[in-house]
2 protein chains.
Amino acid sequence: MTSLGEGEFALLDQSWHDAITPDAARRMLIAAAQAFADKGYHATTTRDIAARAGMSPAAVYIHYRSKEDLLFQISKVGHERSLKVLTAVQDPNPKDRMARTVAAFARWHAEFRTTARVVQYELGSLSPEHHAVVVELRRKIETHMRHIVEEGVRTEVFEAPDHKGAALAVLSLCIDVARWYRPDGKRTPEEIGNLYADLVLRMLTKP
Amino acid sequence: MTSLGEGEFALLDQSWHDAITPDAARRMLIAAAQAFADKGYHATTTRDIAARAGMSPAAVYIHYRSKEDLLFQISKVGHERSLKVLTAVQDPNPKDRMARTVAAFARWHAEFRTTARVVQYELGSLSPEHHAVVVELRRKIETHMRHIVEEGVRTEVFEAPDHKGAALAVLSLCIDVARWYRPDGKRTPEEIGNLYADLVLRMLTKP
DNA sequence: GGGCATACTAAGCGGTTGCTTAGGTTCTAA
DNA sequence: TTAGAACCTAAGCAACCGCTTAGTATGCCC
């Protein structure tokens, strides 16, 4: 329901710069992402997207096949980004690895809340073929988190009766940041990441 | 995308029995709740709701002013139910109180996933007036959880540098159950409640 | 300058949307 | 037996949807 405009656009424009060209196509995609995050995919019209991008309704179809294609591009690249953020951390210490991973993943869901909301809440609107592509990326995310939990349990620093359930809960906690985070709130994305890293370590660490 | 039909309908019908009469109005509301939970408010048509309830499209408007009115009834009663579940637990021991509250709240979000999804993910589709009503109920939910955290911190069984942040994280964890829970999964709502109660106590308890 | 690809707009088409209207059926009670 | 309330349907209206078509402006190579 809220939009920050200038500052948020600049952040997203930079974020999508290497993935989407030319400029007009990227502007259209960012406009779509903001509209989808704000009102939801089905409540957003192609005229709405075009207006946000400062172009005519027909301009959408020069760069994209359909409204659903626009959603798929955002969802696919968004999922790839969040997977990259999750897997980027490498640390020999299981506790440090978990803490840094959770901090980065939770932070991403706050900082790139616009993209994250589309990634997490609009998968049901994808076509069956596109849905399958995205589900595969989500499977990788779950597997990776489960491995971090299991590494900690194996080295006896973590304690979890249900590895998969614990991994799911950790991911769930981070993902839900995209739902409640507001850019005008008093916690910065970095602070949220640190708070969550601390909470998760408490949750998992063997006493 | 999945629907269980018979069994789920019976559960919801019983759940809404005292709040919505007559029968036809309740059938319509349950049909709407299932459709909204399944596909989202904006992707659901009034013809779709009527068909699920086994009636003609015009029948919707005998019992409800508009499609948005249907959403408001579900959202309002749903919020009241989840607040009641949260506040029902009374226990002199802060740890037991938190454990039982989290277990009940998380369990509710699994068991009544259909209602919970509408409650948690469709607030943005309410009219400004109806949105305000629901936001007030949400404020009460947050306040209540913060008080439970603060009671534990005061009696020195919990440890949390940021009371409000911790309460938000606990609620967030429970709420997100509505997103990932599947009735055909291997964990029962009760098991999820117990798992989550354990995780939250570990998160908050002073070592 | 001429030929041509790229990027865009104005206008609008067929289909769907939320909702209304006019009318019919069933039930209760005097 | 009949008046009237409650409940439901068939048909359809105005507005809006995603998307297409026909045509225009701009830049680039020869």
Side-chain angles (χ1 to χ4, degrees), chain A residues 13 16-17 20-75 118 122 124-131, chain B residues 13 16-17 19-75 118 122-131:
Chain A
D13 192 57
W16 289 92
H17 194 275
I20 309 287
T21 51
D23 281 14
R26 181 166 0 98
R27 259 197 300 146
M28 196 69 84
L29 186 120
I30 292 170
Q34 289 181 319
F36 294 163
D38 208 36
K39 315 195 297 177
Y41 175 75
H42 285 287
T44 299
T45 69
T46 53
R47 285 164 178 83
D48 189 3
I49 296 167
R52 282 179 192 245
M55 285 186 266
S56 78
V60 171
Y61 296 90
I62 293 161
H63 301 287
Y64 300 94
R65 261 194 268 267
S66 65
K67 183 184 158 189
E68 193 270 346
D69 183 33
L70 218 24
L71 174 63
F72 177 55
Q73 299 301 327
I74 299 165
S75 190
V118 179
E122 303 295 344
S125 301
L126 290 164
S127 72
E129 298 78 29
H130 290 163
H131 184 79
Chain B
D13 192 57
W16 289 93
H17 194 275
I20 308 286
T21 51
D23 282 14
R26 186 169 59 254
R27 259 195 300 144
M28 196 69 85
L29 186 121
I30 292 170
Q34 290 181 319
F36 293 164
D38 207 36
K39 314 195 298 176
Y41 175 76
H42 284 287
T44 300
T45 69
T46 54
R47 284 163 179 83
D48 188 4
I49 296 167
R52 281 179 192 245
M55 284 186 268
S56 77
V60 172
Y61 297 89
I62 294 162
H63 302 288
Y64 299 94
R65 261 194 268 269
S66 64
K67 182 184 158 188
E68 193 270 347
D69 183 35
L70 217 26
L71 174 64
F72 177 56
Q73 298 301 327
I74 299 166
S75 190
V118 179
E122 303 295 344
L123 7 172
S125 301
L126 290 165
S127 72
E129 299 77 29
H130 290 163
H131 184 80

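Reckoned from all heavy atoms, side chains included, excluding hydrogens, waters and symmetry mates. Here the structure is a predicted model, which is why all the values come from computation and not from measurement. Throughout, protein chains are lettered first and strands after them, A, B, ... in sequence-line order, and every chain is numbered starting at 1.
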> Nearest-Å distance, OH (A:Tyr64) to C1' (C:dA7)?
Replying inline: 14 Å
>> Starting the side chain at C-beta, find the nucleotide from C:dT17, C:dC19, D:dC19 nearest to A:Lys67.
In response: D:dC19
>> Measuring from atom OG1 of B:Thr46 to atom OH of B:Tyr64, what distance do you get when rounded to the nearest 0.5 angstrom?
In response: 14.5 Å
>> Please pick, from D:dC7, D:dG18, D:dT9, the nucleotide with the shortest atom-to-atom distance to any side-chain atom of B:Pro22.
In response: D:dC7
>> Measure OH/B:Tyr61 against C1'/C:dT21 and give the value in whole Å, please.
In response: 14 Å
> Of the nucleotides D:dG12, D:dT9, C:dA7, which one has an atom closest to the side chain of B:Met55?
Replying inline: D:dT9
>> Which nucleotide wins on minimum distance to the side chain of A:His63, given the candidates C:dG18, D:dG18, C:dC8?
In response: C:dC8
>> Donor-acceptor check, side chain of A:Thr44 to backbone of A:Gly40, threshold 3.5 angstrom: yes or no?
In response: yes
>> Do B:His42 and B:Ser125 make a side-chain contact, defined as non-hydrogen atoms from C-beta onward lying under 4.5 Å apart?
In response: yes
> Would A:Asp48 and A:Arg52 count as a salt bridge (charged side-chain N to carboxylate O under 4.0 Å, His left out) if you check the C-alpha gap in whole Å, the side-chain angles of each, and the deciding distance to 0.1 Å?
Replying inline: CA-CA 6 Å; A:Asp48 189 3; A:Arg52 282 179 192 245; 3.6 Å; yes
>> Check the phosphate of D:dC17 against A:His42, side-chain N and O only, distance under 4.0 Å to OP1 or OP2. Yes or no?
In response: no
> Quick one: which of D:dC19, C:dG18, D:dT9 gets closest to the side chain of B:Ala59?
Replying inline: D:dT9
> Separation of B:Glu68 atom CD from C:dC19 atom C1', in whole Å?
Replying inline: 14 Å
>> By nearest atom, which of the nucleotides C:dT17, D:dC17, D:dC19 is closest to the A:Thr45 side chain?
In response: D:dC17
> What nucleotide among D:dT9, D:dT21, D:dC19 has an atom nearest to a side-chain atom of A:Ala58?
Replying inline: D:dT21
> Starting at the 5' end of DNA chain C, which residue's closest nucleotide do you reach first, A:Gly54 or A:Arg47?
Replying inline: A:Gly54
> So, B:Lys39 side chain and A:Gly124 main chain: donor-acceptor pair closer than 3.5 Å or not?
Replying inline: no
> In whole angstrom, what separates B:Ile49's CD1 from C:dT17's P?
Replying inline: 11 Å
>> What is the separation between atom CG on B:Asp48 and atom C1' on C:dG18, rounded to the nearest whole Å?
In response: 13 Å
> Taking the side chain of B:Thr46 as heavy atoms from C-beta outward, which of C:dG18, C:dA7, D:dG18 is closest to it?
Replying inline: C:dG18
>> From CE of A:Met28 over to P of C:dT6, roughly how many Å is that when rounded to an integer?
In response: 18 Å
> How many Å lie between CG on A:Asp23 and C1' on C:dA7, as a whole number?
Replying inline: 13 Å
> So what does B:Ser56 touch, heavy atoms closer than 4.0 Å: a base, only the sugar-phosphate, or nothing?
Replying inline: base
> Which one, C:dG18, D:dC19, D:dC7, comes nearest to the side chain of B:Ile62?
Replying inline: D:dC7
> Rounded to whole angstrom units, what separation is found between the CG atom of B:Leu70 and the P atom of C:dG18?
Replying inline: 11 Å
